[in-house]
A.B. asks: 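Please read through the structure below; I'll follow up with questions.
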Amino acid sequence: IDGDISSAGVLFRWLTIPGSPSSQKTFQSFFELADGEIVFSDEWPGLSDLSAFVYTDDNEIDVSVSNATSMGLALESAWGTIRRNDRQENWLNIQGVATGPTAAGLDYLQNAAVGEPIKAAFSGWGASGDINAKVLVDIPLSEMSIGTDVRIELALDNNNLTIPDYALSLEQVAGAVVFDTRTGVETTQLTGELFSKPVEVILSSSLNEGELETIIVDAKGSASPQQLIDWPLQSDFVSNILGYAEGEVGFDSRLRLEQATSTDRANSLRISSNLEGAKLTLPEPFAKDFGEQMPLLLDIDFSEKQKISGS
């Protein structure tokens with residue numbers, strides 16, 4: 001902790017009778033901190049430009065933050081407490097609301113104790129727009145091997161996201177993203193535009209014995225045949241078929257981001273379409289008109305040697 005103290009007070013009580021038990025000793029204090037800095041854990045970025053009120057009552061500490069910044073994010077209406085539980089473990093609990101550029105939020109994620117697989121999943125992402133984030137963190141101070149519990153609730157509105165690994169750009173993204181170390185990525189829905197057309201995205205995850213195993217991104221949208229041909233990860237097989245297509249191709253996709261360190265499974269993407277909104281001018285019997293269905297499936301395995309298969 002560092003900064004300027006504008007006001008402070010201390011109250012100390014203790015019986016002066018010889019042999020008085022230490023349990024009857026009381027120490028209380030308060031101080032107002034301005035232009036402060038706090039590093040509450042080596043695993044998390046610190047706070048700066050801090051204005052806060054700190055109150056101590058023996059082993060209990062309360063910190064009420066009126067404003068602070070951290071890596072480009074503005075922290076508002078935040079507070080922290082230190083308490084000892086029934087097992088005599090000291091825990092630091094932090095709750096607050098942060099606002100700022102989404103790009104700063106992604107940068108913060110890379111420096112926070114959320115796990116290396118999560119960092120890798122969002123590494124390289126670009127963003128424009130702003131976020132509103134509710135953050136809840138429980139940090140063990142007595143036994144660090146227990147692990148830190150984190151819950152982050154993000155609210156996006158009119159954001160643009162770029163995902164270089166998958167050559168995708170989403171625009172006007174709105175909705176919620178919730179990550180919890182105990183429950184994984186919780187099921188939420190986002191809306192936006194992909195290939196300049198509306199897209200619905202559902203985020204979810206799967207856990208194995210309490211550990212985050214896979215982040216799942218399901219998307220439902222549509223695109224013109226030429227837009228899908230121009231997608232850099234498109235296979236030659238599908239490109240050849242789409243070269244004979246007219247109209248609009250509706251699709252469902254599932255992106256699986258593997259998080260378990262105990263598996264060698266690679267991230268994967270599956271795209272399927274019934275081609276109902278498209279016309280194919282292929283030779284018979286492969287030609288089809290608008291309104292007719294012809295299943296199309298594309299699987300991409302993002303292993304060291306990328307594999308693409310389709311039917």
Side-chain angles (χ1 to χ4, degrees), residues 102 121-122 125-129 131 153-179 183-206 212-235 237-239 241-259 266-280 288-302 308-311:
T102 305
F122 294 96
W125 285 36
S128 63
I131 57 169
E153 301 175 3
L154 300 177
L156 305 177
D157 186 23
N158 198 26
N159 274 237
N160 296 329
L161 302 175
T162 57
I163 312 174
D165 287 348
Y166 309 106
L168 295 173
S169 295
L170 290 95
E171 300 176 338
Q172 300 181 29
V173 179
V177 180
V178 179
F179 168 73
T183 59
V185 176
E186 297 183 2
T187 302
T188 57
Q189 182 173 336
L190 299 166
T191 59
E193 290 188 356
L194 179 63
F195 299 118
S196 301
K197 292 181 173 59
V199 63
E200 294 181 359
V201 178
I202 295 178
L203 299 178
S204 61
S205 64
S206 63
L212 180 60
E213 186 174 51
T214 307
I215 298 175
I216 302 169
V217 184
D218 291 316
K220 186 178 185 66
S222 62
S224 70
Q226 190 60 50
Q227 286 173 317
L228 294 177
I229 291 173
D230 293 340
W231 181 46
L233 300 186
Q234 190 60 269
S235 71
F237 169 76
V238 175
S239 292
I241 294 178
L242 293 175
Y244 293 92
E246 304 172 14
E248 190 170 280
V249 178
F251 63 85
D252 292 280
S253 66
R254 167 163 287 193
L255 175 64
R256 295 177 60 90
L257 303 173
E258 303 298 338
Q259 300 295 297
N267 296 339
S268 62
L269 175 64
R270 165 166 284 199
I271 303 172
S272 62
S273 175
N274 59 20
L275 299 178
E276 187 174 7
K279 176 181 179 180
L280 292 180
K288 67 171 289 296
D289 207 343
F290 295 109
E292 297 177 345
Q293 295 188 1
M294 178 181 289
L296 180 66
L297 182 65
L298 176 66
D299 284 307
I300 303 177
D301 187 316
F302 296 99
I308 301 177
S309 58
S311 60

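Because only heavy atoms are used, hydrogens play no part in the values below, and waters and symmetry mates are left out as well, while side chains stay in.
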A.B. asks: Quick check: do T187 and I202 have side-chain heavy atoms less than 4.5 Å from each other?
C.D. replies: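 The answer is yes, as the side chains (C-beta and beyond) meet within the 4.5 Å cut-off.
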
A.B. asks: Could you pull out every donor-acceptor pair under 3.5 Å between side chains of residues 248-255 and any protein atom, sequence neighbours left out?
C.D. replies:
from : atom 1 : to   : atom 2 : distance (Å)
E248 : OE2    : S222 : OG     : 3.2
D252 : OD1    : K220 : NZ     : 3.3
R254 : NE     : D218 : OD1    : 2.6
R254 : NH2    : D218 : OD1    : 3.4
R254 : NH2    : D218 : OD2    : 2.9

A.B. asks: Could I get the full list of side chain to side chain contact (heavy atoms under 4.5 Å, CB included) partners for S206, not counting sequence neighbours?
C.D. replies: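 E213, T214.
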
A.B. asks: CG of L257 to CD1 of I216: how many Å apart, nearest 0.5 Å?
C.D. replies: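 One finds 9.5 Å between CG of L257 and CD1 of I216.
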
A.B. asks: So, taking the atom named OG1 in T102 and the one named CD1 in I131, what distance separates them when rounded to the nearest 0.5 Å?
C.D. replies: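 Answer rounded to 0.5 Å: 5.0 Å.
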
A.B. asks: Quick one: list whatever passes side chain to side chain contact (heavy atoms under 4.5 Å, CB included) with S224, sequence neighbours left out.
C.D. replies: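 Per chain and number, S224 pairs via side chain to side chain contact (heavy atoms under 4.5 Å, CB included) with Q226, Q227.
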
A.B. asks: Not counting sequence neighbours, list each pair that qualifies as a ring-ring contact (aromatic ring centres under 6.0 Å, His included) and has a residue in residues 185-204.
C.D. replies: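 Non-adjacent pairs meeting ring-ring contact (aromatic ring centres under 6.0 Å, His included): zero.
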
A.B. asks: Got a sec, which pairs hit salt bridge (Lys or Arg N to Asp or Glu O under 4.0 Å) with one end in residues 289-301, sequence neighbours left out?
C.D. replies: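 Matches after skipping sequence neighbours: R270-D299.
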
A.B. asks: Looking at residues at least two apart in the chain, or sitting in another chain, which of them share a side chain to side chain contact (heavy atoms under 4.5 Å, CB included) with N274?
C.D. replies: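 Testing N274 for side chain to side chain contact (heavy atoms under 4.5 Å, CB included), a comparison that skips the adjacent residues, returns E276, Q293.
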
A.B. asks: Can you pull the salt bridge (Lys or Arg N to Asp or Glu O under 4.0 Å) pairs that have at least one residue in residues 186-197, sequence neighbours excluded?
C.D. replies: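 Listed once each, the pairs are R151-E186.
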
A.B. asks: If every non-hydrogen atom of I229 is compared with every non-hydrogen atom of G243, which pair is closest and at what distance?
C.D. replies: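 Where I229 meets G243 most closely, the heavy atoms are CD1-N, 3.8 Å.
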
A.B. asks: Scan residues 163-179 for pairs that pass side-chain hydrogen bond (donor to acceptor under 3.5 Å, both in side chains), counting only residues two or more places apart or in two chains.
C.D. replies: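 Every side-chain hydrogen bond (donor to acceptor under 3.5 Å, both in side chains) pair that includes a residue of residues 163-179, provided the two are not neighbours, is Y166-N267.
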
A.B. asks: Does L170 reach the side chain of L190, with side-chain heavy atoms less than 4.5 Å apart?
C.D. replies: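 Counting from C-beta outward, L170 and L190 never come under 4.5 Å.
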
A.B. asks: Once salt bridge (charged side-chain N to carboxylate O under 4.0 Å, His left out) is applied, do any residues pair with E200, and if so which ones, sequence neighbours excluded?
C.D. replies: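 Listed in chain order: nothing, the list is empty.
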
A.B. asks: Going through the checks in order, is the side chain to side chain contact (heavy atoms under 4.5 Å, CB included) test met by I215 and L203?
C.D. replies: CA-CA 8 Å; I215 298 175; L203 299 178; 5.6 Å; no

A.B. asks: Would you say F179 and L154 make side-chain contact, with heavy atoms under 4.5 Å?
C.D. replies: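 F179 does not reach L154 side chain to side chain.
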
A.B. asks: For residues L280 and M294, report the shortest heavy-atom separation together with the two atoms involved.
C.D. replies: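 Taking every non-hydrogen atom into account, CD1-SD, 3.7 Å.
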
A.B. asks: Give a yes or no on this: more than 12 heavy atoms of other residues, nucleotides or ligands lie within 6.0 Å of atom CZ of F302.
C.D. replies: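 Yes, enclosed.
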
A.B. asks: Can you sort out the partners of S239 under side-chain hydrogen bond (donor to acceptor under 3.5 Å, both in side chains), two or more places apart, ordered by chain and number?
C.D. replies: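 Applying side-chain hydrogen bond (donor to acceptor under 3.5 Å, both in side chains) to S239 gives none.
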
A.B. asks: Can you give me the closest heavy-atom contact between S205 and T183, atom names plus distance?
C.D. replies: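 Scanning both residues completely, I find the closest heavy atoms to be OG-O, 4.0 Å.
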
A.B. asks: Can you tell me how far CD1 of I271 sits from CD of Q234, rounded to the nearest 0.5 angstrom?
C.D. replies: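 Here the interatomic distance stands at 6.5 Å.
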
A.B. asks: Nearest heavy-atom pair of G247 and P225: which atoms, and what distance?
C.D. replies: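 Closest heavy-atom pair between G247 and P225: O-CD, 3.2 Å.
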
A.B. asks: Give a yes or no answer on whether the side chain of D230 reaches the backbone of L228 with a donor-acceptor pair at less than 3.5 Å.
C.D. replies: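 Not at all, since once roles are kept as given, no pair shorter than 3.5 Å links the two residues.
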
A.B. asks: To the nearest 0.5 Å, how far apart are CG in L298 and OG in S273?
C.D. replies: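 The CG atom of L298 sits 11.0 Å away from the OG atom of S273.
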
A.B. asks: Under the side chain to side chain contact (heavy atoms under 4.5 Å, CB included) test, which residues partner S128, sequence neighbours left out?
C.D. replies: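 So S128 forms a side chain to side chain contact (heavy atoms under 4.5 Å, CB included) with N160.
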
